[in-house]
Colleague: 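Would you mind keeping the following structure in view while I ask a few things?
Lettering of chains follows the sequences in order, A, B, ..., and the numbering in each one begins at 1. Worth saying up front: this structure is predicted, and the values here are computed from it rather than measured.
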4 protein chains.
Amino acid sequence: MSDKQESIKQAAIALFAKRGFDGTTVPLVAEEASVGAGTIYRYFENKEVLLNVIMQGEMLRLEQSFKENFPYDRSIREQFSHLFIGLIRFSQENFESIMLINSHTTSRHLSDQTKCDYTSLLTFLSTIVEAGREQEVIDRDLPIEAIVAITFGAVVELAKCFNGGELTLTEDLLETLDEKLWRAIST
Amino acid sequence: MSDKQESIKQAAIALFAKRGFDGTTVPLVAEEASVGAGTIYRYFENKEVLLNVIMQGEMLRLEQSFKENFPYDRSIREQFSHLFIGLIRFSQENFESIMLINSHTTSRHLSDQTKCDYTSLLTFLSTIVEAGREQEVIDRDLPIEAIVAITFGAVVELAKCFNGGELTLTEDLLETLDEKLWRAIST
Amino acid sequence: MSDKQESIKQAAIALFAKRGFDGTTVPLVAEEASVGAGTIYRYFENKEVLLNVIMQGEMLRLEQSFKENFPYDRSIREQFSHLFIGLIRFSQENFESIMLINSHTTSRHLSDQTKCDYTSLLTFLSTIVEAGREQEVIDRDLPIEAIVAITFGAVVELAKCFNGGELTLTEDLLETLDEKLWRAIST
Amino acid sequence: MSDKQESIKQAAIALFAKRGFDGTTVPLVAEEASVGAGTIYRYFENKEVLLNVIMQGEMLRLEQSFKENFPYDRSIREQFSHLFIGLIRFSQENFESIMLINSHTTSRHLSDQTKCDYTSLLTFLSTIVEAGREQEVIDRDLPIEAIVAITFGAVVELAKCFNGGELTLTEDLLETLDEKLWRAIST
DNA sequence: TATGAATGAGGATTCATTCAT
DNA sequence: CATGAATGAATCCTCATTCAT
């Protein structure tokens, strides 16, 4: 992948995350990426396509971070920790990605493919939750969607705190959060 | 307050919530409010002022809903339920308000006053949490900001599920959620 | 019809005729029409629609000038004169219209409707020619299309000469041209 | 002359004829010519120079086709046939050249030299007409410019018909057209 | 007071031209 | 020589805002 294409994508991720798609101008992306405005159109058909490409890319990266070293043969509790801690860590290192994904999942600019990719990301999480419910370690009173919503919603807001400096992520806090969120969903 | 001013505000709340401030045009607000575009400028100096006015108004409404019948003389557990269940109910009846507040709290279009109002809303919640920590019913291992983030983040994502139809709010579910989220923050 | 809409159309006719559609910028039309550039989009969806509207309008005016006082009950020779002299006169008074029509009939920017309108204009002429052929006053050796082409082509080039000042239209010349062109197509 | 230069010119002739100078992009010419866009600037200073070069070249080719085997020592009638039939044949084999010349003679992109070349092409024709008038075989009532306009205008429109398939050129039709157009200008 | 036509600054996108490879 | 990636000026079009009615 070209150097310029990559820097355009990074600039777009940062700017779309911070200002939103509609609040970000193409020349602004160009400046942030240190390329000419016209160059963006050499790599992306238009601004909307750029959004979809980076959304798909970042969701894929998130999914890969979930799946990397996933403890398929360990307990649901450990699987939850893998996902939760992985998500917190991911959002520390890729704050803009998480903000981008969270704030644009309902964007009217998303293509069907991008929406589909998002669904498949959720499906992966649902599968784990479902397994936990069958083992009766995750509470059946809570619908799957609620479990994902609580966890993901909490992480996003926590990430904002970490990024804004209101909160500092320590290993202790990470452990506490993992424990607390598990309490919120377990039987 | 004039009838037209009110319908402009309602239209703006709905549209800013759904499409974001930058994705919403003034003529679109005018059409949704069934007024002429020029009329909006009779009541609001400009689009940015309109955002700030409705943000302040909706945050005030939320704060009032928190404070209304607040059980100051009951247990922290009951106070939490009042806030949590109140927030869920508020977001059921005022989905757009919650989305508006959640998605625009970091907007670059907010005035200092609006940011200040947001802070004061958080301060109120922090006060309750602080009291809980002093009574040792809320876990000291969790920073106040983390507790607010977890709760608010969870509610926002849950509200999206309720609104999107993926989840239906029953009294039972509400009770379960209240219980679960309390488990996430209590000692 | 609004004053501004009309002046936009007049400006566009003049400019599209002189510089061609692609060589004419919207701000140039706006300046020529003494309106703001944005105003053009209040009346015409886009530049292409503007072209189609004026093409249809000018072709209609030409057709009406053909049909006005058309001597249906006179000889083909007189009918030819009516059309030929009418066309020359029309192109004197509406030089830009004729240039617009002539230079944009094969434009890739024309809508199906506009192409259709052009065809119907030709159909009217063909009908007259056909009648002349049946009366054996117009030469059968010449296909209808050739007759229309010769006459229309000649008029367009003559109009350029009149407009450029290389030729001056007198009543005598008009009569001569009518006589000569008739000789070119009659038996 | 380089192979590439020639294919650039051929591509430009075809595209400028079909889409007009302003409607033709340099990359489009490059693609049609199967060369890189930058290569065009190796042979032509800029797009405008390219237009002028091909205009001059095609007008020269037309002039040469007029002058080749020109029957200087035959009758004006035969000279007219040579020119008229030559022009029709030229426009059959070089439709794009004729369209290019016809549609760009008044272009604002032409250099003085190109305009001058066009004038000299007309001058050659005028000379013949003038001779015909002196011999009183061409009608003095018709100004020279009118004669050229009628003939050239007719040929251009006829060429469009032949090219569009509405008319098919046969030897008979060619003879008829020659005869008819001569009738239009002769005494 | 209410309107919506009018405006022009600003944003998305294209394309003539350059230049490093 | 040839290329095509890169550029930014210029183009089409939108929309926040104004103002005459």
Side-chain angles (χ1 to χ4, degrees), chain A residues 2-5 7-8 21-31 33-50, chain B residues 2-5 8 21-31 33-51 109, chain C residues 2-5 8 21-31 33-50, chain D residues 2-5 8 21-31 33-51:
Chain A
S2 148
D3 191 23
K4 283 181 190 282
Q5 181 172 26
S7 68
I8 291 166
F21 178 80
D22 293 309
T24 303
T25 68
V26 172
L28 197 56
V29 175
E31 194 189 18
S34 305
V35 301
T39 305
I40 290 176
Y41 291 87
R42 178 160 287 284
Y43 293 102
F44 305 95
E45 203 181 324
N46 56 45
K47 193 184 165 189
E48 213 160 83
V49 166
L50 173 57
Chain B
S2 148
D3 190 26
K4 283 180 192 286
Q5 181 172 27
I8 291 166
F21 178 79
D22 293 307
T24 303
T25 68
V26 172
L28 195 55
V29 175
E31 194 190 19
S34 305
V35 300
T39 306
I40 290 177
Y41 289 86
R42 202 153 263 297
Y43 293 102
F44 306 95
E45 199 182 327
N46 56 43
K47 192 184 166 189
E48 213 158 82
V49 165
L50 172 58
L51 173 67
H109 304 287
Chain C
S2 146
D3 191 24
K4 284 182 189 283
Q5 182 172 26
I8 290 166
F21 179 80
D22 294 308
T24 304
T25 68
V26 172
L28 197 55
V29 175
E31 194 188 17
S34 306
V35 301
T39 304
I40 290 176
Y41 292 89
R42 178 160 285 285
Y43 294 102
F44 305 96
E45 203 181 324
N46 55 43
K47 192 185 164 189
E48 213 160 82
V49 166
L50 173 57
Chain D
S2 148
D3 190 25
K4 283 180 190 287
Q5 181 172 26
I8 291 165
F21 178 80
D22 294 306
T24 303
T25 69
V26 172
L28 195 57
V29 175
E31 193 189 19
S34 306
V35 300
T39 305
I40 290 176
Y41 290 85
R42 200 151 265 298
Y43 294 101
F44 305 96
E45 202 183 324
N46 57 42
K47 192 185 168 190
E48 212 159 83
V49 165
L50 172 58
L51 172 67

Colleague: Quick check: on DNA chain F, is the nucleotide nearest Leu28(B) upstream (toward 5') of the one nearest Gly36(A), or the reverse? Name the residue that is more 5'.
Modeller: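 Counting from the 5' end, the first nearest nucleotide belongs to Gly36(A).
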Colleague: Side-chain N or O of Lys47(D) less than 4.0 angstrom from OP1 or OP2 on dC15(E)?
Modeller: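 Negative; the distance criterion is not met.
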Colleague: So if I take every side-chain heavy atom of Val35(B) and compare against dT7(E), dT13(E), dT3(E), which nucleotide ends up nearest?
Modeller: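 Of the candidates, dT3(E) comes closest.
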Colleague: For Leu50(B) and Ile40(B), which heavy atoms make the closest approach, and how far apart are they?
Modeller: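 Minimum heavy-atom separation between Leu50(B) and Ile40(B): CD2-CG2, 4.5 Å.
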Colleague: Classify Val26(D) by what it touches in the nucleic acid, base, sugar-phosphate, or nothing, heavy-atom distance under 4.0 Å.
Modeller: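 Base, at least one base heavy atom under 4.0 Å.
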Colleague: Are Val26(D) and Tyr41(D) close enough, and set up right, to give a side chain to side chain contact (heavy atoms under 4.5 Å, CB included), and what steps lead you there?
Modeller: CA-CA 10 Å; Val26(D) 172; Tyr41(D) 290 85; 3.6 Å; yes
Colleague: Verify, without hydrogens or angle tests, whether Lys47(D) (side chain) and Thr25(D) (backbone) share a donor-acceptor contact under 3.5 angstrom.
Modeller: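 No; zero donor-acceptor contacts below 3.5 Å.
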Colleague: Just to be sure I understand the geometry, which residues of residues 37-45 of chain D put a non-hydrogen atom under 4.0 Å away from DNA chain E?
Modeller: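 Per residue number, the list reads Gly38(D), Tyr41(D).
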Colleague: Reading DNA chain F 5' to 3', which nucleotide is the first, and which the last, to come under 4.0 Å of any heavy atom in chain B?
Modeller: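 So the contact region on DNA chain F extends dC15(F) to dT18(F).
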Colleague: To the nearest angstrom, how far is Gln5(B) atom CD from dT3(E) atom P?
Modeller: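 Interatomic distance, CD of Gln5(B) to P of dT3(E): 14 Å.
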Colleague: Restricting to non-hydrogen atoms, name the atom on Val29(B) and the atom on Ile8(B) that form the minimum distance, rounded to 0.1 Å.
Modeller: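 For Val29(B) and Ile8(B), the tightest heavy-atom pair comes out as CG1-O, 4.0 Å.
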Colleague: Report the distance from atom NZ of Lys4(B) to atom C1' of dT1(E), rounded to the nearest whole Å.
Modeller: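 From Lys4(B) NZ to dT1(E) C1': 9 Å.
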Colleague: Under 3.5 Å for both distances, Watson-Crick or G-U wobble, that's the pair rule; now give the dot-bracket for DNA chain F, with | marking pairs to another strand and [ ] for crossing ones.
Modeller: .||||||||||||||||||||
Colleague: Roughly, in whole Å, what's the span from CG in Asp22(D) to P in dT14(E)?
Modeller: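 My rounded result for the distance is 18 Å.
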Colleague: Under 6.0 Å from the ring centre and within 45 degrees of the ring axis: does the NZ or CZ of Lys4(B) meet both conditions for the six-membered ring of Tyr43(B)?
Modeller: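 No, Lys4(B) and Tyr43(B) do not form such a contact.
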Colleague: Would you kindly give the CD-to-C1' distance between Glu31(D) and dT14(E), to the nearest whole Å?
Modeller: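 Distance check: Glu31(D) CD to dT14(E) C1' gives 16 Å.
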Colleague: Shortest non-hydrogen contact from Asn46(B) to Glu48(B)?
Modeller: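 That closest heavy-atom pairing would be OD1-N, 3.0 Å.
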